[in-house]
2 protein chains.
Amino acid sequence: MLKKERQAYIIQQINIHNKVLSSDLCVQLAISEDTVRRDLQELAEEGKLIKVHGGALAKSFHFTIESKQVYSLPEKKIIAHKAIDLIKDGMLVVISGGTTMRELVNMLPPDLNATFVTTNVPIALELLEHPNAEVIFFGNKLLKSAQMAVGAEVVQRFGQIKADLCLLGTNSIDLNFGITDLEWEIIEVKKAMIACAQKTVSLAISEKLNSTQRLQVCALDQVDVLITELAPSDEKLLPYAKRGLAIL
Amino acid sequence: MLKKERQAYIIQQINIHNKVLSSDLCVQLAISEDTVRRDLQELAEEGKLIKVHGGALAKSFHFTIESKQVYSLPEKKIIAHKAIDLIKDGMLVVISGGTTMRELVNMLPPDLNATFVTTNVPIALELLEHPNAEVIFFGNKLLKSAQMAVGAEVVQRFGQIKADLCLLGTNSIDLNFGITDLEWEIIEVKKAMIACAQKTVSLAISEKLNSTQRLQVCALDQVDVLITELAPSDEKLLPYAKRGLAIL
DNA sequence: AAATTATTTGCGTGATTATGCGGGAACGCA
DNA sequence: TGCGTTCCCGCATAATCACGCAAATAATTT
């Protein structure tokens with residue numbers, strides 16, 4: 001095997017998985033670890049990847065780590081972290097949009113082997129960066145304001161799956177009106193997402209508690225878990241706990 | 001054996017295997033390694049292949065190795081600019097992926113009122129930035145390497161539309177093999193995109209002319225327009241013009 | 001046809017490159 | 001802190017390359 005060929009293979013692997021392990025490569029390519037390391041070093045010098053202990057990372061990966069943290073609020077990180085524990089290997093997870101979700105996807109453990117279904121373009125892009133996640137995008141007409149696919153086609157396709165978990169980024173949640181949103185087309189899709197999942201989790205920073213929008217996505221009793229950045233014992237959450245929601 | 005004959009054989013081998021080893025060639029052709037090396041060097045100077053230690057690689061290898069870097073941006077901008085003139089108000093445009101396409105979408109005039117259909121996530125995201133474009137995303141399982149949706153669902157949905165224009169980012173285009181690509185799932189989608197459009201336009205920087213990959217997307221006669229950064233009178237384009245392609 | 005010239009080819013030599021191995025240093029994790 | 005892994009460095013080996021030169025071949029001239 002030619003050297004350039006090997007390096008092309010490494011680049012390919014990097015582009016797909018966003019990372020490579022030296023140990024893996026030397027098995028796959030049937031060469032010594034030393035040669036792998038030399039290849040990685042060369043490619044790193046050419047700026048094609050970033051060499052780290054044990055292997056190498058895609059350049060884009062590095063950027064996302066460094067830049068995305070800038071506008072991610074610490075609260076959202078806390079929420080995302082709590083939610084990640086709910087995702088187990090082999091699950092089929094329906095996931096909506098929003099910056100909290102972006103953060104969550106970013107923080108997914110690299111060895112997680114789950115399938116994600118979304119209709120949100122930035123989330124899909126972020127999910128594609130994950131080495132092991134399988135990503136399904138239910139597409140159709142895209143709604144500019146929410147950067148997500150909407151419409152009957154999408155709703156219908158959610159009707160054809162049975163998901164384990166629905167992670168719902170939540171704009172507004174209220175004791176009486178449940179989860180609400182702004183646009184008709186969005187709530188249609190969110191309804192479908194909730195309906196197809198066994199368990200629905202609402203992710204909301206505490207500011208969004210007890211606020212309402214015009215249109216109802218679902219009543220409170222359709223939500224199983226509520227995740228905020230607050231401690232479960234916080235008094236703001238007590239009324240929700242009384243309604244039967246698990247609080248994290 | 002004549003020199004030209006040998007070199008033709010080498011080119012042939014390169015086209016089939018995407019690489020050759022000097023050591024193999026000198027056995028197959030029954031000549032000394034020195035001669036092989038001289039031949040490879042000549043062919044490399046003519047730009048027919050890339051010489052590396054131990055043999056030579058097809059030009060297409062160069063692309064995969066450079067892939068993540070947005071190289072030859074100025075050329076891509078020229079190409080994108082030429083292609084934009086083909087898009088008129090009210091059109092339904094099918095658009096594939098690639099950095100050239102990203103550039104094109106970026107350069108779209110803000111007052112353009114067209115509908116775009118794509119299966120590529122970054123392109124969709126870029127299109128969403130446009131104030132007037134309507135964006136349709138045909139989704140399904142997403143392919144990590146190409147960041148696009150693939151599979152029967154997608155193909156089927158292209159079968160349900162009649163587009164005015166298909167803008168095809170092209171990896172490799174060749175007089176005999178037409179447009180080719182790397183992955184089975186990708187060519188299936190591209191085929192569907194071409195089939196549903198009245199007019200197919202191939203966007204390719206001149207480096208990609210006369211290179212091939214393993215799988216054929218379509219023959220040359222299914223392409224209506226070829227756009228490169230070269231002047232239409234350039235001699236590299238003449239054979240394509242003779243095959244009936246409009247050159248921009 | 002013969003001679004001359006130009007081109008191509010093969011070989012030898014020494015230089016360059018690629019690769020693997022061993023030992024010690026550095027790292028990461030518990 | 002200690003242990004296993006990974007890394008870095010120097011070296012040895014083998015493969016590949018580049019250069020000059022001479023023989024062989026092809027092309028051109030006389």
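Because the structure is a prediction, the values reported are computed rather than measured. Chain letters run A, B, ... following the sequence lines, proteins first, then strands; residues in each count from 1. Atom set for the values below is all heavy atoms of this structure, side chains included, hydrogens, waters and symmetry mates excluded.
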Output the rounded distance in Å from [atom1] ([X]) to [atom2] ([N]).
X	N	atom1	atom2	value
H53(A)	dC29(C)	NE2	C1'	10 Å
L21(A)	dG28(C)	CG	P	15 Å
R6(B)	dT7(C)	CZ	C1'	12 Å
K4(B)	dT7(C)	NZ	P	14 Å

By nearest heavy atom, map Q41(B) and K51(A) onto DNA chain D; which one lands nearer the 5' end?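 Mapping each residue to its closest nucleotide by heavy atoms, the 5'-most match is K51(A).
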
Between the side chains of [X] and [Y], does any donor sit under 3.5 Å from an acceptor?
X	Y	value
Q7(B)	D39(B)	yes
S23(A)	E33(A)	no
T99(A)	K76(A)	yes
D174(B)	Y240(B)	no
S206(B)	T228(B)	no
D181(B)	N171(B)	yes

Counting only non-hydrogen atoms, which of residues 22-40 of chain A are less than 4.0 Å from DNA chain C?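 Contacts with DNA chain C under 4.0 Å: I31(A), S32(A), D34(A), T35(A), R38(A).
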
Any idea how F138(A) and F158(A) line up, ring-wise: parallel (<30°), tilted (30 to 60°), or perpendicular (>60°)?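 Answer is perpendicular, since the angle exceeds 60°.
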
Are D221(B) and R243(B) close enough, and set up right, to give a side-chain contact (heavy atoms from CB on, under 4.5 Å), and what steps lead you there? CA-CA 7 Å; D221(B) 56 16; R243(B) 290 294 199 86; over 6 Å; no

First contact, last contact: which nucleotides of DNA chain D are these for chain B, 5' to 3', heavy-atom distance under 4.0 Å?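 Contacts span dT16(D) to dC19(D), reading 5' to 3'.
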
